[in-house]
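To keep things clear, I will list the structure first and then write my remarks on it.
All values below come from the heavy atoms of this structure, side chains included, with hydrogens, waters and symmetry mates left out. Within every chain, numbering begins at 1; the chains are lettered A, B, ... in the order of the sequence lines, protein sequences first and strands thereafter. Quantities reported herein were computed from a predicted structural model and do not represent experimental measurements.
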Number of protein chains: 2
Amino acid sequence: VTAKPENTVDFMSSLASAWERSGSMLCVGLDPDPAKLPATLGAPDSPDTILRFCRGIVDATAPFACAFKPQIAYFAAARAEAALEALIDHIHRAHPGIPVVLDSKRGDIGATAERYAIEAFERYGADAVTVNPYMGFDSIEPWLDRSDRGVFLLCRTSNPGGSDLQALEVGDGDRLFERVARLAATRWNRNGQLGLVVGATFPAELARVRALVGDMPLLVPGIGAQGGDIDATVSAGHGRAQPGMLVNSSRAILYAGGADDWAQAAAAAARDTRDALRNAAMRR
Amino acid sequence: VTAKPENTVDFMSSLASAWERSGSMLCVGLDPDPAKLPATLGAPDSPDTILRFCRGIVDATAPFACAFKPQIAYFAAARAEAALEALIDHIHRAHPGIPVVLDSKRGDIGATAERYAIEAFERYGADAVTVNPYMGFDSIEPWLDRSDRGVFLLCRTSNPGGSDLQALEVGDGDRLFERVARLAATRWNRNGQLGLVVGATFPAELARVRALVGDMPLLVPGIGAQGGDIDATVSAGHGRAQPGMLVNSSRAILYAGGADDWAQAAAAAARDTRDALRNAAMRR
């Protein structure tokens, strides 16, 4: 597999520049759900349709975004791996400086984790990934060899069932997600490239994670369709030196419009979300 | 994506038949590591080489196996998704009745998890999958709609770092992996299709999980290259009514031979492992 074009600076620098240049904390999630794609684009499960839709969304929303986050499941279910490669390639070429977080939530060890790192960083050229920490440090270590890339560990996820395990008390007054945050901020962060995924649906827990991890970047899903409040989210998760948050919105942007105005409607929704995040940051 | 040929009975029945017919608890893991493939087969990172190697391993070891477990990372890193589709198709056609567990350790929620279920069950035609439980029940629920397929939740993994989170005490005397086992055996197992992944490297914990989950099938990695003891593993994990275990070996079988005798050496290693597991079951 030949390496793809990519941002040439390391992920943390590229993210800091993207925050500054865009003035935005908005991360646009690319979840091309065949049930929701504009009918005007063609067969909804065709890789070509998926690529054209995502490319259109990217080009329409890039001025308002600090990052893009393609969700690999939507591509894998449609045999659209080549479309995902082409999409990330397009983002890097047409919108240089906007990092791409590949949302794949992989979690495995040793030689297998190394293969997943090759998938994400070499094959797809992603600037960062999401990783599931359940298997512990040796499932994270293989990703750290690429110290120029970002690794967002699942910490406190935005879904109701996130509490089933993550909210359990694990000793020393920590809940499981707090233990993950502590480990990520200290022992596990050998090369300074870790971030955390913390949902917007639990602002008090987002604030708790922020208190534990200093200025570590937080990828925050759960606003928009999932109902998280923007003011509460920004107040809880904003960093000191920099915004510190990639606040993700997918469905509320991707499917804001109809069959003919989807790109313009996505741009408007992205701009409004950027503004709402920016205003919340000024009010905090 | 068109559905692939697959075992027509449900996974639990197909597994019970496979145990009985094969007299084997061995699950052959298909982890085609390009650094270790026989040089005689061609370029090690070509999808064609990967497919020919895995097909050769499958045909050589099928008489000694109750299941096959392809690890998707090795295929994804080599752009070999089509080879993985062809491999699973080959197993179902050439060795009917041997179930295929797709080891992908996915973990996500809602519409995204549904896409992963389509990837595993429709695109690849897998009879069962591995799933990461960190995100809780709503990350497991979408898999349960396919009640004819098996779902093995990560519980106690065989790697040293597995203890970082899984061994934490979470209240009521449970460690995290025990809580996962309890949830999997009760509230989460709505359609009777769940199993657990429990490593062979911690026999006392394997015995503990077996005590918690009754006859639920356990997928047990960690013998062979990872050093788990076969007698201790079988003694700890064997079920009452049926073997109850898919004891996985990958590297010790795949790479048992050299450039010319890899298939015969794999067959011999698989036969020896089946016999060692069988003898351990008789001695327990």
Measure the CG-CG distance between A:Asp174 and B:Leu168 for me, rounded to the nearest 0.5 Å.
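Going from CG on A:Asp174 over to CG on B:Leu168, the span is 9.0 Å.
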Taking atom OH of B:Tyr134 and atom CG of A:Leu176, what is their separation to the nearest 0.5 Å?
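CG of A:Leu176 is found 4.5 Å from OH of B:Tyr134.
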For chain A, which candidate among [options] shows the most heavy-atom pairs at distances under 4.5 Å?
| options | answer |
| --- | --- |
| B:Glu119, B:Arg156, B:Glu141, B:Arg179 | B:Glu119 |
| B:Asp103, B:Leu154, B:Thr112 | B:Thr112 |
| B:Cys155, B:Ala35, B:Ala113, B:Ser139 | B:Cys155 |
| B:Ala120, B:Pro133, B:Ser163, B:Gly110 | B:Pro133 |
| B:Ala117, B:Gly161, B:Gly136, B:Ala82 | B:Gly161 |

Closest non-hydrogen atom pair, [X] against [Y]:
| X | Y | answer |
| --- | --- | --- |
| B:Ile72 | A:Tyr116 | CG2-OH, 3.3 Å |
| A:Pro160 | B:Asp138 | CD-OD2, 3.1 Å |
| B:Arg115 | A:Pro34 | NH1-CG, 3.0 Å |

Excluding sequence neighbours, so at least two apart, what forms ring-ring contact (aromatic ring centres under 6.0 Å, His included) with A:Phe68?
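ring-ring contact (aromatic ring centres under 6.0 Å, His included) list for A:Phe68, sorted by chain: empty.
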All ring-ring contact (aromatic ring centres under 6.0 Å, His included) counterparts of B:Phe152, not counting sequence neighbours
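Applying ring-ring contact (aromatic ring centres under 6.0 Å, His included) to B:Phe152 gives B:Phe11.
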Option that, when pairs with chain B are counted at under 4.5 Å, heavy atom only, ranks first among A:Ile140, A:Thr157, A:Asn132:
A:Asn132
Taking the basic N atoms (NZ, or NE/NH1/NH2) and the acidic carboxylate oxygens, is any pair closer than 4.0 Å for B:Arg123 and A:Glu81?
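Yes, this pair counts.
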For residues [X] and [Y], determine if any side-chain heavy atom of one lies less than 4.5 Å from a side-chain heavy atom of the other.
| X | Y | value |
| --- | --- | --- |
| A:Met135 | B:Leu165 | no |
| A:Arg106 | B:Lys105 | no |
| A:Gln71 | B:Asp108 | yes |

Given heavy-atom pairs under 4.5 angstrom as the criterion, report whether the side chain, backbone, both or neither of A:Leu183 touches chain B.
side chain
